[in-house]
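Quick caveat: nothing in here was measured; it's all calculated off a predicted structure.
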Amino acid sequence: MGKNFRISGTGCTLVDYLYKPVDFSNQRFQHYLSKNPGDGGLAPGKLVFREEFQKFTGSDYLKARDEITCNMPPVAINIGGPSVVSLIHAAQMTHQLSAGVYFYACRGADKGGKFLEEMLVKTPLKKGLLKIADQYTPFTDVLSDPAYDAGNGERIFINNIGAAWEMMPSDLDETFFTSDITVFGGTALVPNIHNNLCGLLKKAKMNNAITVVNTVYDFLNERKDPAQIWPLGESAETYKYIDLLIADMEEATRLSGTSTPTDALAFFKSSGVGASIITHGANPVHFYASSPLWGNIDAGSLPVSDAVKQQLRDNPGTRGDTTGCGDNFAGGVIASIASQLISSPHSKPD
């Protein structure tokens, strides 16, 4: 695999506008809180679509955002999305190796799209495809409360899909599927990729690619039927083409229809997933592995660093939150797999 090692990924790629700090306990904010799952209201750690939020509130989104944020401007404008952020991190961590990390995404012909282009060329990430669509560049307003959850912090996401509706399976070329690692990140926010995930993963596996899926909150299916488990791709067959599945706690339990990480891992294993990692903010990470690629590792857990958690609590002036690091976590895992395969191409990754 060494000389031309390639990682290719697709999924949620957008512009993030970060508003911080936003007090989730403030009376103004309470008015916009969700009352029932999938009703379009705001909920810590979850994502809602702009259109659904407007239906829930009966008011213009921008006016509501101004009230929630007390008219503050965003403190940062960044590249965002579980796909591109994890791929950028993977590219940063593997740039000294004989590896190329490529992304496939869709943007609008607007300021947001130009911002993406300008920022991406400053990273070691390589362009497989950045399709220019008719709709606006996808964006997310991120509301951050660093004091939430006893100082661990939490975020709320209001998403605008826009041009992501125009990203199609046919936009993924043959080189994508013949990559050493193929990554599908946050595809629930790229509906036409998400709804065809089984066939796309199967095609990658037929070309001997290692397949990685890192998930995002699936508000479209939550809205459709909050009582049903979230589908992943065309059918339950999707899972058997996933070598590694990375999800946070809520995503894992909603995908599996269970209530604990142990049961979620058991579901993924019985469905054919080669290995799975479940993150849970500042709480322990749960995992298992069961395939020729990874070997056999019983379900277990590892703690999040106490030193990091303590630093977040003790340094309020520079305090961030643990939730926003999930995409970087996925990127680190992808980079580790690539590094191990490049250095020892005939051995299984640890």
Side-chain angles (χ1 to χ4, degrees), residues 1-16 18 76-107 112-132 137-138 140 164 167 171-187 189-190 193 200-201 204 207-216 242-246 277 279 320 324-345 349-350:
M1 294 184 184
K3 288 188 178 180
N4 298 303
F5 196 95
R6 181 180 174 116
I7 302 167
S8 293
T10 191
C12 181
T13 299
L14 44 74
V15 179
D16 271 338
L18 175 63
I77 303 174
N78 299 306
I79 297 173
S83 175
V84 73
V85 172
S86 61
L87 292 172
I88 289 172
H89 192 205
Q92 290 170 332
M93 295 188 70
T94 59
H95 76 280
Q96 293 183 330
L97 303 175
S98 54
V101 185
Y102 295 79
F103 74 100
Y104 292 69
C106 195
R107 73 165 179 89
K114 292 177 181 177
F115 172 81
L116 280 178
E117 289 269 15
E118 292 169 358
M119 295 301 293
L120 285 168
V121 297
K122 299 178 182 179
T123 76
L125 191 59
K126 300 180 180 180
K127 186 191 301 183
L129 171 77
L130 187 53
K131 177 181 177 180
I132 299 179
T137 299
T140 296
M167 186 69 185
D171 293 319
L172 304 176
D173 59 23
E174 289 304 310
T175 306
F176 178 93
F177 294 101
T178 57
S179 301
D180 297 287
I181 301 176
T182 57
V183 185
F184 296 86
T187 56
L189 297 179
V190 189
I193 298 297
L200 297 174
L201 286 162
N207 285 284
N208 298 313
I210 293 173
T211 57
V212 178
V213 173
N214 54 297
T215 62
V216 71
I242 301 175
D243 288 313
L244 174 62
L245 176 66
I246 304 172
I277 301 172
T279 64
C325 69
D327 301 339
N328 281 321
F329 174 85
V333 173
I334 294 164
S336 177
I337 296 168
S339 177
Q340 293 178 66
L341 290 171
I342 291 168
S343 60
S344 302
D350 294 332

Next on the checklist: Testing the basics here: between Pro124 and His95, what is the closest heavy-atom pair and its distance to 0.1 Å?
Outcome noted: CB-CB, 4.4 Å
Checklist entry - If only atom types and distance count, is the side chain of Ser86 paired as donor or acceptor with the main-chain N or O of Gly331 below 3.5 Å? => result no
Next on the checklist: As an exercise, state the distance from OG1 of Thr94 to CD1 of Ile7, rounded to the nearest 0.5 Å.
Outcome noted: 5.0 Å
Checklist entry - Okay, side chain of Thr211, backbone of Asp243: is any donor-acceptor separation there less than 3.5 Å? => result yes
Checklist entry - Of the non-hydrogen atoms in Asp16 and Ile79, which two are nearest, and what is the gap between them? => result OD2-O, 4.4 Å
Item to check | Interatomic distance, Leu14 atom CG to Leu189 atom CG [nearest 0.5 angstrom] | outcome: 7.0 Å
Next on the checklist: Closer than 4.0 angstrom, basic N to acidic O: yes or no for Glu117 and Lys127?
Outcome noted: yes
Item to check | Smallest separation among heavy atoms of Thr137 and Gly113, with atom names | outcome: OG1-N, 2.9 Å
Checklist entry - With a 4.5 Å heavy-atom cut-off, do Ser339 and Leu97 have their side chains touching? => result yes
Item to check | Sub-4.5 Å side-chain heavy-atom contact between Ser98 and Ile342 | outcome: yes
Checklist entry - Are side-chain heavy atoms of Arg107 and Ile132 found at a separation under 4.5 Å? => result yes
Next on the checklist: I'd like to know whether NZ of Lys114 has more than 12 heavy-atom contacts from other residues, nucleotides or ligands below 6.0 angstrom.
Outcome noted: no
Checklist entry - Side chains of Leu120 and Leu125: closer than 4.5 Å at any heavy-atom pair? => result yes
Next on the checklist: Distance check, rounded to the nearest 0.5 Å: Leu244 atom CG versus Ile334 atom CD1?
Outcome noted: 8.0 Å
Checklist entry - Just by distance, do the side chain of His89 and the backbone of Asn328 share a donor-acceptor pair under 3.5 Å? => result yes
Checklist entry - Does the side chain of Val212 reach to within under 4.5 Å of the side chain of Ile181, using non-hydrogen atoms? => result yes
Next on the checklist: Looking at every heavy atom in both Met167 and Val190, which two are closest together, and how far apart are they?
Outcome noted: CB-CG1, 3.6 Å
Next on the checklist: For Phe103, run the side chain to side chain contact (heavy atoms under 4.5 Å, CB included) check against Leu130, Val183, Leu129, Ile88 and tell me which one passes.
Outcome noted: Leu130
Item to check | From CA spacing to verdict: ring-ring contact (aromatic ring centres under 6.0 Å, His included), Phe184, Phe176 | outcome: CA-CA 11 Å; Phe184 296 86; Phe176 178 93; 5.6 Å; yes
Item to check | Any side-chain heavy-atom pair of Arg6 and Lys126 under 4.5 Å | outcome: no
Next on the checklist: Quick check against the 3.5 Å criterion: does Thr10 have a side-chain atom that pairs as donor or acceptor with the backbone of Tyr104?
Outcome noted: yes
Checklist entry - How close do Ala164 and Pro138 get, heavy atom to heavy atom, and via which atoms? => result N-CG, 3.6 Å
Checklist entry - Does Asp180 reach the side chain of Leu341, with side-chain heavy atoms less than 4.5 Å apart? => result no
Next on the checklist: How close do Phe5 and Ala338 get, counting heavy atoms only, and between which atoms?
Outcome noted: CE2-CB, 3.7 Å
Next on the checklist: For a 4.5 angstrom cut-off between non-hydrogen side-chain atoms, does Ile246 reach Val333?
Outcome noted: yes
Next on the checklist: For Thr175, is there any backbone N or O sitting under 3.5 Å from a side-chain donor or acceptor partner on Ser179?
Outcome noted: yes
Next on the checklist: One thing to verify: whether Asp171 and Lys131 come together as a salt bridge, which I'm taking to mean a side-chain N less than 4.0 angstrom from a carboxylate O.
Outcome noted: yes
Checklist entry - Side chains of Ser336 and Gln340: donor-acceptor distance under 3.5 Å anywhere? => result yes
